[in-house]
2 protein chains.
Amino acid sequence: MSASPERREELLATAAEVFAAQGYDATTVRKIADAAGMLAGSLYYHFDSKESMLDEILSTFLDELWARYDAVLAAGLGPRETIEALVTESFREIDGQRAAVAIYQRESKHLARHARFGYLAGSQQKFEKAWLGTLERGVAAEVFRADLDIRLTYRFVRDTVWVAASWYRPGGQHSPEEIARQYLSMVLEGVALRT
Amino acid sequence: MSASPERREELLATAAEVFAAQGYDATTVRKIADAAGMLAGSLYYHFDSKESMLDEILSTFLDELWARYDAVLAAGLGPRETIEALVTESFREIDGQRAAVAIYQRESKHLARHARFGYLAGSQQKFEKAWLGTLERGVAAEVFRADLDIRLTYRFVRDTVWVAASWYRPGGQHSPEEIARQYLSMVLEGVALRT
DNA sequence: CTCCTTCCCTAACAAGTGTTTGGTAGGTTA
DNA sequence: TAACCTACCAAACACTTGTTAGGGAAGGAG
């Protein structure tokens, strides 16, 4: 009935890898079991459904992410510094939880409809409030441009950060901090050469 | 045995909507048939498999996209104007083929492994050659910054454009051209206020 | 040695999957 | 009228899906 937490985490990690590579619906419990070196039915000693594995992967990821974000938001930084810190923390999260981020990116939109994953919609709202609020604060403080549609800017910044999970591989030539630095430089200053 | 091309297109359009909303693997042929007002087996009068529907949706989309891109690349524009034209054409394509773009965005990565969808990988290479080449040309001509990792810049520009398909809805308050204009302004000039 | 817990296997289940086969209503052509 | 074609339905097929029930090997505790 009960199982050791370490084994659960191991199995969740391999399940997350398979989910990220193939997509949740295309992933069968037999594929997960194969990757874990056991048979399909044995997974049900540790988890009570395929859906609950997904649930645990996503909620663990979001808990960790919001711990980072809340710390940044509570630091009382200026708007530009807040954006910089949020982007940097996001890339650190992508670095540490690549699979979970990729799953979230791919599945959260249609999962949010289901009651069990309602917290995804809640998280998305907190997300929007944090980013959009910081951007508006920056426009008011005259550190960000006022001539842009602010919601378009929000989606632009949000998406450019998180899509990176689709190509990022840990251990590459750039550290998460270096990627964050260059991304921020492009978003804030643009790619065109100043004349 | 044979079927009218108009009916095929109608059915492919509804299939694309369902694929885009639910994901390819989560979409059953019965759901497609429901949306089309017929029974599952009847689809096989028009198509010989679920996979061939996906194939036709994606290849039609890519053909149309490359017709636009090739016209831009053949126009002999400067690097900055080429980027501007490519982005604008991309948003026009998102406007006209929202469902197909969303499917492509979501499924192309793991589909490219299958032999039948090898053209997806080919298209991705052409894609990289066109965008990366233009960016390098712009760095050489001193219209784009030289202090950024050029491949990072490429992925940044590419992703910011195409992720828009996940939230874009035709008939919104901004036309594709207006969205392209603001996106280009952010990518090229940045969101920070110049002092 | 015996009991008990942990962790996995074996074997099967019902429901759902993509697909096929044969039939048929209704319009078009000869 | 008779033959034919188009576009669909009805019913089933083999297979895969997530999930469950019972059993057993290994090892620690008494």
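Keep in mind that the numbers below use all heavy atoms, side chains included, and drop hydrogens, waters and symmetry copies. Quick note on labels: first sequence line is chain A, next is B, and so on, each numbered from 1.
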Any chance you could pull the hydrophobic cluster mates of B:V163, using side-chain heavy atoms under 4.5 angstrom and chaining through other members?
A:V163
What stems show up for DNA chain C when you take Watson-Crick pairs (N1-N3 plus N6-O4 or O6-N4) and G-U wobbles (N1-O2, O6-N3), both under 3.5 Å, and require three or more consecutive pairs?
C:1-28 with D:3-30
Can you name the salt bridge (Lys or Arg N to Asp or Glu O under 4.0 Å) partners of A:D25, sequence neighbours left out?
none
Flag yes if more than 12 heavy atoms outside B:K126 fall under 6.0 Å of its NZ atom; otherwise flag no.
yes
Once side chain to side chain donor-acceptor pair (under 3.5 Å) is applied, do any residues pair with A:Y69, and if so which ones, sequence neighbours excluded?
A:S90
If you look only at distance, which donor and acceptor atoms sit under 3.5 Å apart when one is on a side chain in residues 14-22 of chain B and the other is two or more places apart or in another chain?
unit_1	atom_1	unit_2	atom_2	d
B:T14	OG1	B:L11	O	2.9
B:E17	OE1	B:R98	NH2	3.2
B:Q22	OE1	B:K31	NZ	3.4

Collect all protein-nucleotide pairs involving nucleotides 8-13 of chain D in which both atoms are nitrogen or oxygen and the distance is under 3.5 Å.
unit_1	atom_1	unit_2	atom_2	d
D:dC8	OP1	B:R7	NE	3.3
D:dC8	OP1	B:R7	NH2	3.1
D:dC8	OP2	B:H46	NE2	2.7
D:dC9	OP2	B:L39	N	2.7
D:dC9	OP2	B:S42	OG	2.8

Length of the CG-C1' vector between B:D34 and C:dG18, whole Å
15 Å
For B:D25 and C:dT17, give me the distance from atom CG to atom P, rounded to whole Å.
12 Å
Near A:E177 CD, under 6.0 Å, is it more than 12 heavy atoms from other residues, nucleotides or ligands?
yes
Heteroatom pairs (N/O) under 3.5 angstrom, protein to nucleotides 23-29 of chain C:
none

Roughly how many Å is it from CD in B:E9 to P in D:dA7, rounded to a whole number?
14 Å
With sequence neighbours left out, what residues match A:Q182 under side-chain contact (heavy atoms from CB on, under 4.5 Å)?
A:H174, A:E178, B:L148, B:D149, B:L152
The side-chain contact (heavy atoms from CB on, under 4.5 Å) partners of A:T60 (sequence neighbours excluded) come to A:E56
Between residues 47-56 of chain B and DNA chain C, which residues have a heavy-atom gap below 4.0 Å?
B:S49, B:K50
Which residues share a side-chain contact (heavy atoms from CB on, under 4.5 Å) with B:R137, sequence neighbours left out:
B:P79, B:T82, B:T134
note: B:I32, atom CD1; C:dT17, atom P; distance rounded to Å ~ 11 Å
Taking only residues two or more places apart in sequence or in another chain, which ones pass side chain to side chain donor-acceptor pair (under 3.5 Å) with B:Y44?
none
